[in-house]
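Quick notes on the structure that follows.
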Amino acid sequence: MAEKENIQLPEASNFIEQIINEELAAGKFQSVGNKIHVRFPPEPNGYLHIGHVKALLINFGVKEKYHGEINLRMDDTNPAKESYEYVDAIVKSLEWLGLKYDRLVFASDYYDKLYEIAEKYIMDGNAYVCDLSAEEITATRGTLTEPGTPSPYRERSVEENLKLFREMKAGVYPDGAKVLRAKIDMSSPNINMRDPVIYRIAHVPHYRQGDKWCIYPMYDFAHPISDAIEGITHSLCSLEFENHRPLYDWVIEKAGFPAPVPRQIEFARLNITNTLMSKRYLKKLVDEGVVRGWDDPRMPTLAGLKNRGVPPEALKKFVTDVGVAKAYAVVNAAQLDSCVRDYLNENAGRAMAVVDPLKLTITNYQGEEELSFEINPLKPESGTRNIKFTGTVYIGRDDFALVPPPKYKRLTVGGTVRLKGAYIVRCDEAVQDENGNVTELKCTYFPESRSGSDLPCAVKAKGVIQWVDAKYGVDAEFRQYEQLLKDEQYPDQDYAERLNYDSEHIFEGKAEPCLAEAEEDKPFQLLRTGYYKKCTQGGRLILSEIVSLKDSFNK
RNA sequence: UGGGGCGUCGCCAAGCGGUAAGGCAACGGACUCUGACUCCGUCAUUCGGGUGUUCAAAUCACUUCGCCCCAGCCA
């Protein structure tokens, strides 16, 4: 007898790793060299969204921790919904997140093997061809409290079943005429065990297999076997598959795979407040043209988040912080925002911009000069940028108040404020139009207050505001939003209600025109998105966020 | 109503019989040429409720209440 190897077990950081540690300690995987093997199995029927990041990180986390392997498997067993567009999008999303899998595999590559196992089931008396219609199967399945009734075709002979199944494969029957069912227990309290369908007829070409097949395996059959074929040790999935676990185990057992056999472990999926996390609805938004595509910045897809300017590192931090458990949970979107801000604060360069510009003219200033700003104050090594200053600038309308609220730190008539990186100015007059709207501010500046100068300066300013030079600033463009702005194509609440969810989060905010400081004669983009809003505190923009958004659009 | 799960601070979440980590949010205060950041401080005598076992329970047992999932030829 071989001695049990002494394996170094890493500290478990969640209940899944705890289970793996126990199994490892019990020697369950000795025959496979204690190699842990997991997989991430999306169906290529849509883009990955933020919810998938949880499954992704749990699986990749296990792979890393145990120095195991991970397959990216396209769970493509329903040809009606799948395509290469989605395969590509999924692969790209993983790249964006920086997750490297060991191999890309397709469930559709196992169709032959799957078929072979199905025939074995028939020969072993574990499956039969059923002629009942879909409605009849539903009707005879029983209810939650009543057992189902056996199909009249349940006791067909092995020979007949085999003949019929081969005819199904050969295309003798139309869609829906027959199915292959697992022969388990029609009175099981677990409805999934009441002779589930494992193969259906569908005369639909497959995006990879073409017309080769007209019968396709169901998830409950294909998934466990795919896992077993690949030597997966742990099949991690979300809670809604808990009821399928007995079937998962049954399918593998009857297929006769040798131990160690894959084990399914479920965890709670990720939910975020006001965020739609269903591929089905997201696809609907795309199909109906409510959004401009799966990568629309308002979408919670990874492609959309990327376009919104969310750094992948922030996403990973967020999902890791949220943890892994089995309790149903809805995480506050504020927690994601916090991760984004946190990362951006640390890494993003800074620039000034104003939304809703208000002209500020310094009446005693002449000429122009260049001022220097740090690109990222937190990272001195990132260098500086130079901004021209001509004495006529635009400031944000929010940074001036005719009637200042209590504790207001910005500009008021007669008050002073510092133009960030430049001078302190005093507002002498607020020019108003016939309606009383402020159209321009006439100010006086104090030369000795120049930023960084050692001159003694008597004037003090309680606030610091951003500005954009009137001559050198540029109109920021909204590359992503310009069309939306033009068409006023905003999904409305009615639409959201029809879809039965709250759209506030993905649709909040519209793009607004703004002015931005010029940078290498390339205007930068400013988006009025969720993050923009979240990054507004007390009416002030946090510049780092804006610049990062810009970067993400300069593809 | 059958079966399967889950209930620890406003939102997540550690805890695994020895006397409630952490993050987000919130609230005070310091600092600040980003009202940001940073920094300091506050924030569960209590773990859905009840009853037991024990010297000792969020952790064990029993019971009760609440929520989620399952009746696709979707995954």
Side-chain angles (χ1 to χ4, degrees), chain A residues 13-15 18 41-43 45 75-78 80-81 107 130 132-135 137-148 175-181 187-194 196-202 215-216 218-220 222-223 237-246 266 268 270-271 273 279-280 317-318 320-339 341-342 345-346 350 352 373 377-378 407-410 417-422 424 449 451-452 461-466 535-545:
Chain A
S13 55
N14 57 246
F15 76 96
Q18 237 171 62
E43 182 187 11
N45 67 345
D75 225 351
D76 52 359
T77 54
N78 184 359
K81 296 181 173 180
C130 181
L132 255 27
S133 69
E135 298 70 44
I137 287 180
T138 300
T140 53
R141 187 150 26 221
T143 67
L144 295 178
T145 52
E146 298 157 329
D175 290 3
K178 289 178 176 10
V179 291
L180 184 69
R181 291 228 253 168
S187 57
S188 169
N190 182 341
I191 294 181
N192 294 302
M193 299 297 269
R194 320 240 261 230
V197 172
I198 58 177
Y199 259 97
R200 78 283 216 177
I201 300 171
I215 57 172
Y216 293 93
M218 299 287 290
Y219 165 86
D220 280 316
H223 198 88
C237 62
S238 49
L239 247 28
E240 65 262 36
F241 292 104
E242 270 182 319
N243 297 323
H244 294 244
R245 198 190 324 134
E266 311 84 8
L270 175 65
N271 293 292
T273 53
K279 257 197 238 174
R280 191 177 146 236
K317 169 79 161 43
F318 167 68
T320 303
D321 283 359
V322 157
V324 184
K326 291 192 77 168
Y328 174 83
V330 183
V331 183
N332 258 320
Q335 194 155 350
L336 205 209
D337 298 330
S338 166
C339 291
R341 275 189 254 114
D342 208 42
N345 181 48
E346 196 56 47
R350 318 282 145 120
M352 296 192 290
F373 294 79
L378 261 36
K407 293 189 177 173
Y408 193 67
K409 292 171 68 172
R410 291 164 271 166
V417 76
R418 174 176 290 281
L419 296 178
K420 183 176 169 61
I424 290 177
S449 70
S451 191
K462 49 193 183 302
V464 182
I465 63 175
Q466 299 175 46
C535 295
T536 300
Q537 304 275 344
R540 312 299 304 283
L541 284 176
I542 295 172
L543 305 172
S544 57
E545 321 275 342

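Every chain is numbered from 1 and lettered A, B, ... according to where its sequence line falls, protein lines coming before strand lines.
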Determine the contact category for F241(A): base if any of its heavy atoms lies under 4.0 Å from a base atom, sugar-phosphate if only primed atoms, P, OP1 or OP2 are that close, otherwise nothing.
base
Output the rounded distance in Å from CG (D337(A)) to P (C37(B)).
13 Å
Any base atoms under 4.0 Å from K407(A), or only sugar-phosphate, or nothing? Heavy atoms, all strands.
base
Quick one: is G72(B) close enough that its OP1 or OP2 comes under 4.0 Å of any side-chain N or O from T138(A)?
yes
Side chain of E43(A), heavy atoms from C-beta onward: which of A75(B), A71(B), A14(B) has the nearest atom to it?
A75(B)
Could you tell me which non-hydrogen atom of L239(A) sits nearest to which non-hydrogen atom of K326(A), and how far apart they are?
CD2-O, 3.2 Å
Would one find a side-chain N or O of R280(A) under 4.0 angstrom from OP1 or OP2 of G72(B)?
no
From C-beta outward on A327(A), which listed nucleotide comes closest to its side chain: A71(B), C73(B), G7(B)?
G7(B)
Roughly how far apart, to the nearest Å, are U1(B) and U19(B) at atom P?
40 Å
To the nearest 0.5 Å, how far apart are OH in Y199(A) and CE in M218(A)?
12.0 Å
Under 3.5 Å side-chain donor-acceptor pair for T143(A) and E146(A)
yes
Describe the nucleic acid contact of G452(A) in one word from base, sugar-phosphate, nothing, applying a heavy-atom distance below 4.0 Å.
base
Selection from C73(B), G10(B), G15(B) that lies nearest to any side-chain heavy atom of V197(A)
C73(B)
With both distances under 3.5 angstrom, what nucleotide forms a Watson-Crick or G-U wobble pair with G41(B)?
C27(B)
Hey, does K409(A) reach any base, or is it just sugar-phosphate, or nothing, if we go heavy atoms under 4.0 Å?
base
Name the pairing partner of C47(B), where a pair is Watson-Crick or G-U wobble with both distances under 3.5 Å, or state none.
none
Looking across every strand, which nucleic acid part, if any, lies under 4.0 Å from R418(A) by heavy atom: base, sugar-phosphate, or nothing?
base
C60(B) pairs with which nucleotide, Watson-Crick or G-U wobble, both distances below 3.5 Å?
G52(B)
When rounded to whole Å, the CG to P distance for the pair N271(A) and C68(B) reads 13 Å
Report the distance from atom NZ of K420(A) to atom C1' of C37(B), rounded to the nearest whole Å.
12 Å
To the nearest Å, how far apart are K326(A) NZ and A14(B) P?
13 Å
Closest to the side chain of D342(A), out of A13(B), G5(B), U38(B), is U38(B)
Using the C1' atom as the point on both nucleotides, what is the distance between G41(B) and C33(B), in whole Å?
27 Å
Please determine if a side-chain N or O atom of R245(A) lies less than 4.0 Å away from the OP1 or OP2 oxygen of G5(B).
no
P-based separation of A25(B) from C11(B) [nearest Å]:
15 Å
Donor-acceptor pair, distance only, cut-off 3.5 Å: does the side chain of N190(A) make one with the backbone of N192(A)?
yes
Below the 4.0 Å mark, does C74(B) have OP1 or OP2 next to a side-chain nitrogen or oxygen of T77(A)?
no
Would you call R341(A) and E346(A) a salt bridge, taking side-chain N to carboxylate O under 4.0 Å as the test?
no
Taking the basic N atoms (NZ, or NE/NH1/NH2) and the acidic carboxylate oxygens, is any pair closer than 4.0 Å for E43(A) and K81(A)?
no
I'd like to know if N190(A) reaches the base of G2(B) with its side chain, counting only an N/O donor and acceptor under 3.5 Å.
no
For a quick check of understanding: with a heavy-atom distance under 4.0 Å over all strands, which category does E346(A) fall into, base, sugar-phosphate or nothing?
nothing
Would you call K317(A) and D321(A) a salt bridge, using N to O less than 4.0 angstrom?
yes
With respect to the side chain of K81(A), which nucleotide from C74(B), C33(B), C73(B) is positioned closest?
C74(B)
Of G421(A) and D75(A), the one whose nearest nucleotide on RNA chain B sits closer to the 5' end is G421(A)
In whole Å, what is the span from the CG atom of L239(A) to the C1' atom of C69(B)?
8 Å
To the nearest angstrom, how far is R194(A) atom CZ from G4(B) atom C1'?
13 Å
How many Å lie between CZ on R410(A) and P on A36(B), as a whole number?
11 Å
Across all strands shown, which nucleotide pairs with G2(B) by Watson-Crick or G-U wobble geometry, both distances under 3.5 Å?
C70(B)
Is there a side-chain contact between N45(A) and N78(A), using heavy atoms and a 4.5 Å cut-off?
no
Measuring to OP1 and OP2 of A75(B), would you say a side-chain N or O of R200(A) lies under 4.0 angstrom away?
yes
Side-chain-base donor-acceptor pair under 3.5 Å for E242(A) and G5(B)
no
Tell me which nucleotide, if any, is Watson-Crick or G-U wobble paired with A20(B) when both distances must be under 3.5 Å.
none
Between R341(A) and A25(B), is there a contact of a side-chain N or O with OP1 or OP2 at under 4.0 Å?
yes
Have a look at F15(A) and say if it touches a base, only the backbone sugar-phosphate, or nothing, with a 4.0 Å heavy-atom cut-off.
nothing
